[in-house]
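Values reported hereafter were calculated over all heavy atoms of this structure, with side chains retained and with hydrogens, waters and symmetry mates removed. Letters go in sequence order (proteins before strands), and every chain restarts at 1.
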Amino acid sequence: MTPLPKTRLRTRHFFAPNYNLHETLTSGQAFRWKQHNNNWIGIIQDHWVRLSARPEAIIAATTHPEPDWNLLKHYLQTEVDITEVTDQFPQDQYLRTAISKCCGLRLLRQNPWECLASFILSSTKQILHISKIIEAMAAYYKIAVTVPDGYPEIFQFPTPEAISQTSENQLRRLKMGYRAPYLKASAKAVAEGTIDPDAINHLPYTSAKESLIQLPGVGPKIADCVLLFAYGKQEAFPIDIWVDRALRELYFPRQQMTQSALESFVSKHFAPYNGYAQQYLFHYMRTKHTPP
DNA sequence: CACCAGGCAGCCG
DNA sequence: CGGCTGCATGGT
């Protein structure tokens, strides 16, 4: 009996100044990264990846026999000069405070289907619980990925085909609640090609958003999350409960603002880096009561 | 027990 | 169009 071949790790340094890996991976845009011995373990493009933060750099390790490091660089967006982005933020004290507390917060460029499905599961859920539902789901389908010795098991994000063929009851057993039929129907639409995640990439922001909103369980907020976190559309500015509160309390105290009035303010005030500004505001609101 | 969480769809006026 | 409500589940 021949012994199984040892999984060999390929590693690579990425030059990444002003990159706060911890805050970026825990900022509620991606839900599957796990801390392990001061490293981060996750899956990018169907392959196990370990990330380690270093001063001015990120070290990546993968099991892929012939890794395409550009895919990793693309996912992490290491080549974005974040100071060039934050320098163009409007001069208001909340964003300045957010930047000073966390200057290396980044936007990732995730897989569209995983991002879409994850945010369909996100509605009126806390980030920690979204992660738990997603892990329960991945553990249910058990789609294998090569994991090196000594590391915890991890499974791939389930395909739209697999989810669309699962009963709503089974999905509810994974604690999705009322989101189960939405996820199943959206998975079916993607699996059958009614909507093509790759085609959306080529659409401008507004028509891409209209296209995503056709999916059941996807409204303006979830569409904006996918447009920003998977497609990198900078115009997207997801307004969730936290950001809505930030806008009303910080920018329009004691004023009655309609949703559309807020939206038109946002598109003017935070341009051109709406999405990054939104992520910094979101981070500020979630951490302003906790010491650094 | 009440109240809230990275919302959306259906319904009502 | 704008406003209201039900929807599952887990945490405080």
Contact list for [range], test side chain to side chain donor-acceptor pair (under 3.5 Å), sequence neighbours left out:
range: residues 204-222 of chain A; result: Y205(A)-K209(A), Y205(A)-D224(A), K209(A)-D224(A)
range: residues 54-67 of chain A; result: H47(A)-H64(A)
range: residues 22-31 of chain A; result: E23(A)-H283(A), S27(A)-Q29(A), S27(A)-Q279(A)
range: residues 150-160 of chain A; result: R50(A)-Y151(A)

Anything under 3.5 Å between a donor and an acceptor, one on a side chain of residues 113-121 of chain A, the other on a protein residue two or more places apart or in another chain? List them.
from, atom 1, to, atom 2, distance (Å)
W113(A), NE1, P158(A), O, 2.9
S118(A), OG, E114(A), O, 2.6

Is the ring pair Y94(A)/Y284(A) parallel, tilted or perpendicular, if the boundaries are 30 and 60 degrees?
tilted
Is [Y] reachable from [X] through a run of I, L, V, M, F, W or Y residues, each pair having side-chain heavy atoms under 4.5 Å apart?
X: L128(A); Y: M176(A); result: no
X: F155(A); Y: I41(A); result: no
X: W242(A); Y: L262(A); result: yes

Please state the [atom1] separation for the pair [N] and [M] - nearest whole angstrom.
N: dA2(B); M: dG6(C); atom1: P; value: 14 Å
N: dA8(C); M: dC3(B); atom1: C1'; value: 15 Å
N: dT5(C); M: dG6(B); atom1: P; value: 23 Å

Would you jot down, in residue-number order, the residues of [range] having a non-hydrogen atom under 4.0 Å from DNA chain C?
range: residues 113-127 of chain A; value: T124(A), K125(A)
range: residues 254-277 of chain A; value: none
range: residues 171-180 of chain A; value: R172(A), K175(A), G177(A), Y178(A), R179(A)

Heavy atoms under 4.0 Å, any strand shown: does [X] hit a base, just sugar-phosphate, or nothing?
X: S131(A); answer: nothing
X: V218(A); answer: sugar-phosphate
X: G28(A); answer: base

Output a table of nitrogen or oxygen pairs between the protein and nucleotides 10-13 of chain B separated by less than 3.5 Å.
none

Could you state the atom-to-atom distance from [atom1] of [X] to [atom2] of [N] in whole Å?
X: L128(A); N: dG10(C); atom1: CG; atom2: P; value: 12 Å
X: I133(A); N: dA5(B); atom1: CD1; atom2: P; value: 16 Å
X: L25(A); N: dG6(B); atom1: CG; atom2: P; value: 18 Å
X: R245(A); N: dA5(B); atom1: CZ; atom2: C1'; value: 9 Å
X: L183(A); N: dA9(B); atom1: CG; atom2: P; value: 14 Å
X: L215(A); N: dC8(B); atom1: CG; atom2: C1'; value: 13 Å

Can you tell me which residue among N39(A), N38(A), T11(A), N37(A) is in a side chain to side chain donor-acceptor pair (under 3.5 Å) with S52(A)?
N39(A)
Does any residue of residues 228-242 of chain A have a heavy atom under 4.0 Å from DNA chain B, and if so, which ones, in number order?
F229(A), P238(A), D240(A), I241(A), W242(A)
Decide if atom CD of E79(A) counts as having more than 12 heavy atoms of other residues, nucleotides or ligands within a radius under 6.0 Å.
no
Regarding D92(A) and H269(A), do their side chains bring together a donor and an acceptor under 3.5 Å, going by distance alone?
yes
Which residue pairs pass the salt bridge (Lys or Arg N to Asp or Glu O under 4.0 Å) test when at least one of the two sits in residues 180-193 of chain A, sequence neighbours left out?
K188(A)-E192(A)
Checking Y140(A) against T166(A) for the side-chain hydrogen bond (donor to acceptor under 3.5 Å, both in side chains) test, could you report, in this order, the C-alpha distance in whole Å, the side-chain angles of both residues, the deciding distance, and whether it holds?
CA-CA 11 Å; Y140(A) 170 73; T166(A) 307; 5.3 Å; no
Do Y251(A) and F270(A) pass the ring-ring contact (aromatic ring centres under 6.0 Å, His included) test, and can you show the C-alpha distance, the side-chain angles, and the key distance before you say yes or no?
CA-CA 12 Å; Y251(A) 295 88; F270(A) 296 106; 5.7 Å; yes
DNA chain B: G217(A) or Q279(A), which has the more 5' nearest nucleotide?
Q279(A)
Members other than Y19(A) in its cluster, when Ile, Leu, Val, Met, Phe, Trp, Tyr link by side-chain heavy atoms under 4.5 Å?
F14(A), L21(A), L25(A), W33(A), W40(A), I44(A), V49(A), L51(A), I58(A), W69(A), L72(A), Y75(A), L76(A), L108(A)
Under the criterion ring-ring contact (aromatic ring centres under 6.0 Å, His included), I'd like the reasoning laid out for Y280(A) against F89(A): C-alpha separation, chi angles, the key distance, then a yes or no.
CA-CA 10 Å; Y280(A) 275 84; F89(A) 282 176; 5.7 Å; yes
